Q: 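Okay, handing you the structure first.
In what follows, chains are A, B, ... by sequence order, proteins preceding strands, each numbered from 1. Computed from a predicted structure; not experimentally measured.
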Amino acid sequence: MRMKVLVIAAAFLAGISTAHAAGEKIELPDVEWSWEGPFGTFDKAQLQRGLQVYTEVCATCHSLNLLAYRDLAALGYGEEEIKAYAANYEVEDGPDDAGEMFTRVAIPSDRFLPPFPNENAARASNNGAYPPDLSLMTKARKNGANYLYAMMIGYSDEIPEDVALMEGMNYQKYFAGHQIAMPQPLYGDDIEYADGTEATLEQEARDVTAFLAWAAEPELEDRKSMGIKVLLFLGVLFVMVIAVKKAVWRNVKH
Amino acid sequence: MATKTEFNNPVIRWVDERLPVFTYLDHEYNQFPMPKNLNYWWNFGALASVALVVMILTGIMLAMQYTAHVDLAFESVERIMRDVNYGWLLRYIHMNGASMFFIVVYIHLFRGLYYGSYKAPRELLWMLGVVIILLMMATAFMGYVLPWGQMSFWGATVITNLFSAIPIVGDWIVTWLWGGFSVDNPTLNRFYALHYLMPFVLFAVVGLHVVALHVNGSTNPTGVEVQSPRDTVSFHPYFTAKDSVGLVAFLFVFAAFVFFAPNFFGEPDNYIKANPLQTPPHIVPEWYFLPFYAILRAVPDNFIGAWMGFTLISAKLAGVIAMFGSIAVLFLLPWLDTSKVRSARFRPWYKWFFWLFLLDCLLLGYIGSQPAEGIFIWIGRGATAWYFAHFLVFFPLLGWFETPKPLPTSISEPVLKEDS
């Protein structure tokens, strides 16, 4: 009987380990992000640098549809700065009184201008691949921030022998299947940071990840600070209701 | 409502003489006699009703901002998250509230199983509870479709397709459910309408559940019925005080998820807008459906055929029958359990089977979250077999073979004995 149990247990464990081997598990780098933990907040200087990386590199192919220029106020920009940033873009508006569509300079209430007018145009310019919208990227992937960071730094020219790259694909060690349509976006020194920070690859990758984490969860700081107050309140209330319950039940034998 | 309560306030007295709502409240929530030995596991019914009210209130406010259209639904949810004042709070409460609701209801159900709460004269009370769980499942499933993410769409596709297993009319029923030839705008619209309707149906059934409860009163950890006023205390202040403790603890856990891990129970894929042309690598239901999902996938091909030598029904249909059967069997429980003793405290064998059953359900949940391949298939089948055996074999047999421990003559007896 005991032998039988052991055999079954062994078969069980063996089965689990083979099942895990089937879907290869990719170990993502584990970065310490400023917004992690119950007291975590975004670093505004970092978000501004990240915006610069997004604007100068990512925005060539990736949209950020859920964000409006006015949302940049959360990064510490003033009204005039946001107007100036939006003024770099031209959007189609209309129809005017004559029924004609026209283009005008973007204003803070406009959404971030997408790089392509539609999915087909995006695919046509990108070898058939569709660069996804980045507004929710850190929430739309497991371990999103580390995943995004890994996508920036995981490129390598040394391709392992067991990876046969398909036409137009690039080797990416953290991507499922290790081939990704996106060419390496960042190399280091791709941009000159306005605040003078040295633009290493890791620095750029961290900054743009922070910016996109904020873009996905702009409510994060409000949420956590309210959460602390709510839990404190409930904690005190808990002590009080326990005391009330004890007082009410003190004469009941049960 | 034999005796009317006397009220000093003239307005209340005037109303009560014409419509005795205050007498009713006084009887059912003030004086109502409760067994005085209830432990904290008896809190979860009250917690479930709080969860339902929270869901309805946040749901109504979300509905004011949500747009049920395939082109706009996903963006409208994100608008709630970003542009509506405290929209993120409402939505995260609603999203996590669904999980909280299922957690407290599942605990409530297992409390009923442990203490034999379903036995005469509370069979209808129990069956109404099973109806509530079915309604909750339907409501939660439709609600999950509304944000129109990848899991919303593909979950809806998988689950509605189950109905195609029905012989002859299956495909026709699926087209009718969809309002078209795939999950699309008409499907989203009707799910929204039903998702708004069903919580109110649920609320009504909860009302019946409470009425049925108040006919015979709560069971208690000994399983011995209340015999004299010595065994009871009034609902207020004793159980309002005790329920408050559970309620604040519940809200603490609830808030911890809402504010610090709001997407803990969710799937990242649902933050990708639904794309009918791209199937996600893993379609998994929400955690509270996982055990049932495991049962659905447990039935092997030609299972019935292998037994009888010919194919009677497809594996898919058998799986669907097994999944619905896993809930339906709960309806029969009051008659499947042949033991005269309610509480597992006095049932030395049943106690073990209860814990094994709980483990079995957790195991099924784990299997449901894993791909249906390799050893997982076999564990899933074993766990499914155990699930049904628990109800159809162990429950009837235990009543015959088990020798229960001696019962106390009353709820008060053990306490009084300690005293003397």
Q: Checking A/Trp249 side chain against B/Tyr238 main chain: does a donor-acceptor pair fall under 3.5 Å?
A: yes
Q: So for A/Ala215, is it side chain, backbone, both, or neither that comes closer than 4.5 Å to the heavy atoms of chain B?
A: backbone
Q: Between B/Phe257 and chain A, which part of the residue has a heavy atom less than 4.5 Å away: side chain, backbone, both or neither?
A: neither
Q: Measuring heavy-atom distances to chain B, does A/Pro38 have an atom under 4.5 Å in its side chain, in its backbone, in both, or in neither?
A: both
Q: Let me know if A/Val248 has heavy atoms under 4.5 Å from chain B in its side chain, its backbone, both or neither.
A: both
Q: Tell me whether the count of non-hydrogen atoms from other residues, nucleotides or ligands lying under 6.0 Å of CD in A/Glu79 goes above 12.
A: no
Q: If you round to the nearest 0.5 Å, how far is CZ of B/Phe259 from CG of A/Leu231?
A: 7.5 Å
Q: Which one of A/Leu67, A/Ile228, A/Thr138 has the most heavy-atom pairs closer than 4.5 Å to chain B?
A: A/Ile228
Q: Side chains of A/Met240 and B/Val248: does their closest heavy-atom pair fall under 4.5 Å?
A: no
Q: Would you mind reporting whether B/Trp88 and A/Asp222 have side-chain heavy atoms less than 4.5 Å apart?
A: yes
Q: Answer whether the closest heavy-atom distance between the side chains of A/Lys139 and B/Asn270 falls below 4.5 Å.
A: no
Q: Within this structure, what is the CD-CG distance for the pair B/Glu78 and A/Asn65, rounded to the nearest 0.5 Å?
A: 11.5 Å
Q: Would you give the length of the straight line joining atom CD of A/Glu219 to atom CG of B/Leu89, rounded to the nearest 0.5 angstrom?
A: 10.0 Å
Q: Please check this pair: side chain of B/Arg82 against backbone of A/Glu217, looking for a donor-acceptor N/O pair closer than 3.5 Å.
A: no
Q: Go through B/Val245, B/Ile272, B/Val258, B/Leu251 and name the one with the most non-hydrogen pairs under 4.5 angstrom from chain A.
A: B/Val245
Q: If you draw a 6.0 Å radius around CH2 in A/Trp35, do more than 12 non-hydrogen atoms from other residues or ligands fall strictly inside?
A: yes
Q: Can you list the residues of residues 227-237 of chain B that sit under 4.5 Å from chain A, counting heavy atoms only?
A: B/Val233, B/Pro237
Q: Heavy atoms, side chains only, cut-off 4.5 Å: are B/Tyr92 and A/Arg223 in contact?
A: yes
Q: Would you compute the distance between atom CD of B/Glu267 and atom NZ of A/Lys142 and round it to the nearest 0.5 angstrom?
A: 4.5 Å
Q: Please report the interatomic distance CZ(B/Arg79) to CG(A/Leu66), rounded to the nearest 0.5 Å.
A: 11.5 Å
Q: If you draw a 6.0 Å radius around CG in A/Asn118, do more than 12 non-hydrogen atoms from other residues or ligands fall strictly inside?
A: yes
Q: Under 6.0 Å from the NZ atom of A/Lys224, do we count more than 12 heavy atoms belonging to anything else shown?
A: yes
Q: When heavy-atom pairs shorter than 4.5 Å are enumerated against chain B, which of A/Arg141, A/Lys246, A/Met137 gives the highest number?
A: A/Arg141
Q: Which is it for B/Asp243 and A/Lys245 under the salt bridge (charged side-chain N to carboxylate O under 4.0 Å, His left out) test, yes or no, and what are the steps along the way?
A: CA-CA 9 Å; B/Asp243 282 347; A/Lys245 190 255 165 188; over 6 Å; no
Q: Look at atom OH of A/Tyr89 and say whether more than 12 heavy atoms of other residues, nucleotides or ligands are closer to it than 6.0 Å.
A: yes
Q: So which heavy atom on A/Gly227 is nearest to which on B/Phe260, and how close?
A: C-CZ, 3.6 Å
Q: So with a 6.0 Å cut-off around OH of B/Tyr40, is the heavy-atom count from everything else above 12?
A: yes
Q: Please classify the contact of B/Leu247 with chain A as side chain, backbone, both or neither, using a heavy-atom distance under 4.5 Å.
A: neither
Q: Looking at A/Phe233, I'd like to know if its CZ atom is crowded, meaning that more than 12 non-hydrogen atoms belonging to other residues, nucleotides or ligands lie closer than 6.0 Å.
A: no
Q: Taking atom CH2 of B/Trp41 as the centre, report whether more than 12 heavy atoms of other residues, nucleotides or ligands fall under 6.0 Å from it.
A: no
Q: At a 4.5 Å cut-off on heavy atoms, which part of A/Leu220 comes close to chain B: side chain, backbone, both, or neither?
A: neither
